[in-house]
Amino acid sequence: MAILKSYGACLRESSFQFPRSHRIDNYKRRNVKWRSPQAAIIPDFHLPMRSFEVKNRTSAEDIKALRLITAIKTPYLPDGRFDLEAYDGLVNMQIENGAEGVIVGGTTGEGQLMSWDEHIMLIGHTVNCFGGSVKVIGNTGSNSTREAIHATEQGFAVGMHAALHINPYYGKTSLEGLVSHFNSVLPMGPTIIYNVPSRTGQDIPPRVVNTVAQSPSLAGIKECVGNDRIEQYTGNGIVVWSGNDDQCHDARWSHGATGVISVTSNLVPGLMHELMFNGKNASLNAKLLPLIQWLFEEPNPIGLNTALAQLGVVRPVFRLPYVPLPLEKRVIFVELVNEIGRENFVGEKDVRVLDDNDFILVGRY
């Protein structure tokens with residue numbers, strides 16, 4: 001009975017009222033034009049699943065200071081599962097050679113081929129093993145805002161220091177939609193926005209970036225449009241990392257970029273560190289350009305996967321749809337290694353040309 005009384009009190013206090021039947025009301029209804037009922041406005045009760053515990057938290061300002069961030073490769077076992085032993089070796093080599101951050105599960109790390117369980121597990125593993133030595137930036141972006149929110153909540157819950165977010169691809173949205181998408185994830189923690197129109201099919205224009213830059217959680221932009229766009233942002237005090245290895249030297253020393261988010265540093269982290277830390281070095285940049293051009297002759301990460309396998313630091317296992325570069329390209333890579341110096345590359349084994357039969361292609365993973 002007490003429950004019923006309480007329920008009745010709630011109904012009386014509620015703004016919602018059941019319609020009362022009156023004959024005069026019925027008469028009025030028959031003599032007025034019918035109007036479509038208004039949609040109910042339901043308050044948004046969703047709250048971000050975030051923690052304000054500061055013991056091991058990283059601020060956006062900490063992320064803004066990073067100069068060399070490696071988009072780390074994800075290696076595989078012959079059945080297509082993660083090869084965590086090889087992965088740990090790759091991350092350790094990055095730390096030893098001066099990389100300050102790693103992107104986990106980005107395009108280079110083949111996050112697009114991972115389940116979200118795999119994705120979050122790899123972020124958590126990286127934080128657990130290396131979070132005290134390098135900043136772990138999880139790629140928790142998606143073209144679905146719902147997925148981006150959920151993955152980012154989980155990524156920060158397992159300890160990542162920052163999130164990488166791309167704009168919605170394929171099912172593109174409006175500029176206002178881009179702002180809403182990014183504003184849905186920015187409150188959760190330090191965030192890098194990634195602009196790569198060649199993959200998404202849509203540029204993130206300065207108007208959108210300048211709007212979301214009002215959030216204190218925005219660490220900066222990974223920009224692939226070019227150095228003119230980079231200078232436009234840096235001139236307004238927005239932190240930018242070059243997303244193009246072939247342009248990163250000039251971006252860093254002539255256009256105000258803080259550094260680079262690099263693919264090439266998977267192979268030559270020490271040389272990329274020198275390129276980002278030790279001032280202008282046109283000769284070193286010229287020395288690396290043939291390697292960089294080789295890496296991107298086919299869509300990334302095809303070249304990188306082939307190169308690391310030939311260096312002997314990962315198994316020659318590819319998750320489809322990626323396949324290794326053809327034999328003539330594999331021969332050229334060995335020549336590039338010998339020209340630059342094997343000592344500058346990761347790993348200790350001799351570089352060699354792998355045969356077609358050496359590679360394992362996995363379609364079920």
Side-chain angles (χ1 to χ4, degrees), residues 70-97 99 101-131 133-134 136-140 151 154-155 158-160 164 262-269 295 298-327 329-330 333-334 337 342 345-365:
T70 297
I72 197 74
K73 149 77 177 167
T74 306
Y76 305 112
L77 296 168
D79 61 0
R81 290 175 299 133
F82 294 161
D83 185 345
L84 292 180
E85 183 178 352
Y87 178 82
D88 293 348
L90 293 177
V91 178
N92 269 317
M93 286 184 279
Q94 293 299 315
I95 295 170
E96 291 168 3
N97 285 279
V102 290
I103 302 289
V104 178
T107 307
T108 304
E110 301 179 23
Q112 63 275 13
L113 304 185
M114 297 177 187
S115 68
W116 279 116
D117 284 346
E118 289 180 313
H119 211 131
I120 300 303
M121 180 274 281
L122 191 60
I123 292 172
H125 170 80
T126 310
V127 172
N128 184 46
C129 295
F130 308 105
S133 302
V134 70
V136 178
I137 302 162
N139 172 32
T140 54
Q154 290 188 322
V158 299
M160 71 182 184
L164 180 73
S262 176
V263 175
T264 308
S265 56
N266 279 278
L267 299 175
V268 286
L295 271 175
E298 294 290 347
N300 181 50
I302 293 171
L304 177 64
N305 294 352
T306 304
L308 288 170
Q310 295 201 156
L311 290 167
V313 293
V314 303
R315 290 179 170 87
V317 180
F318 280 66
R319 280 186 172 185
L320 290 171
Y322 299 124
V323 296
L325 289 175
L327 180 59
K329 299 295 184 184
R330 303 200 292 266
F333 175 70
V334 172
V337 171
R342 176 63 183 90
F345 286 78
V346 293
E348 298 178 352
K349 296 179 181 179
D350 291 337
V351 63
R352 65 189 185 97
V353 178
L354 295 178
D355 295 327
D356 290 343
N357 293 334
D358 291 326
F359 292 96
I360 299 172
L361 308 182
V362 182
R364 291 181 180 271
Y365 43 81

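Just so it is clear, the model here is predicted, and its values are computed rather than measured. One-based numbering along the sequence shown.
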Practice task
Might you work through the side chain to side chain contact (heavy atoms under 4.5 Å, CB included) test for Val317 and Tyr365, ending with a clear yes or no?
Solution key: CA-CA 12 Å; Val317 180; Tyr365 43 81; over 6 Å; no
Is the shortest heavy-atom distance from the side chain of [X] to the side chain of [Y] under 4.5 Å?
| X | Y | value |
| --- | --- | --- |
| Ile95 | Pro269 | no |
| Phe130 | Val104 | no |
| Tyr87 | Ile72 | yes |
| Asn266 | Thr70 | yes |
| Pro75 | Leu308 | no |
| Leu122 | Phe82 | yes |
| Leu295 | Leu304 | yes |
| Ile360 | Tyr76 | no |

Practice task
Output all residues satisfying side-chain contact (heavy atoms from CB on, under 4.5 Å) with Asp358, sequence neighbours left out; order by chain, then residue number.
Solution key: Arg352, Leu354, Asp355
Problem - For Phe318, ring pair (Phe, Tyr, Trp, His ring centres under 6.0 Å) partners two or more places apart - result: Phe359
Practice task
Say whether Tyr322 and Glu110, considering side chains only, have a donor N or O and an acceptor N or O under 3.5 Å apart.
Solution key: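 Not at all, the side chains of Tyr322 and Glu110 share no donor-acceptor pair under 3.5 Å.
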Given 3.5 Å as the limit, does a donor-acceptor pair link the side chain of [X] with the main chain of [Y], or not?
| X | Y | result |
| --- | --- | --- |
| Thr306 | Leu325 | yes |
| Arg319 | Gly80 | yes |
| Gln94 | Ser265 | yes |
| Asn97 | Met93 | yes |

Closest heavy-atom pair and its distance - [X], [Y]:
| X | Y | answer |
| --- | --- | --- |
| Met114 | Thr74 | CE-OG1, 3.4 Å |
| Ile123 | Gly138 | CD1-CA, 3.8 Å |
| Glu118 | Leu113 | OE1-O, 4.2 Å |
| Val362 | Pro78 | CG2-O, 3.6 Å |

Handout entry: Under-4.0 Å salt bridge between Lys73 and Asp83
Key =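 Salt bridge between Lys73 and Asp83, a charged N being under 4.0 Å from a carboxylate O: no.
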Working to the nearest 0.5 angstrom, can you tell me the gap between [X] [atom1] and [Y] [atom2]?
| X | Y | atom1 | atom2 | answer |
| --- | --- | --- | --- | --- |
| Asn128 | Met121 | CG | CE | 12.0 Å |
| Arg342 | Glu348 | CZ | CD | 8.5 Å |
| Leu361 | Leu320 | CG | CG | 5.0 Å |
| Leu77 | Glu85 | CG | CD | 9.0 Å |

Practice task
Not counting sequence neighbours, list each pair that qualifies as a ring-ring contact (aromatic ring centres under 6.0 Å, His included) and has a residue in residues 107-128.
Solution key: Trp116-His119
Practice task
Dump the intermediate steps for side chain to side chain contact (heavy atoms under 4.5 Å, CB included) on Phe345 and Val313, then the final yes or no.
Solution key: CA-CA 10 Å; Phe345 286 78; Val313 293; over 6 Å; no
Handout entry: Asp79, CG atom: more than 12 neighbouring heavy atoms under 6.0 Å
Key = yes
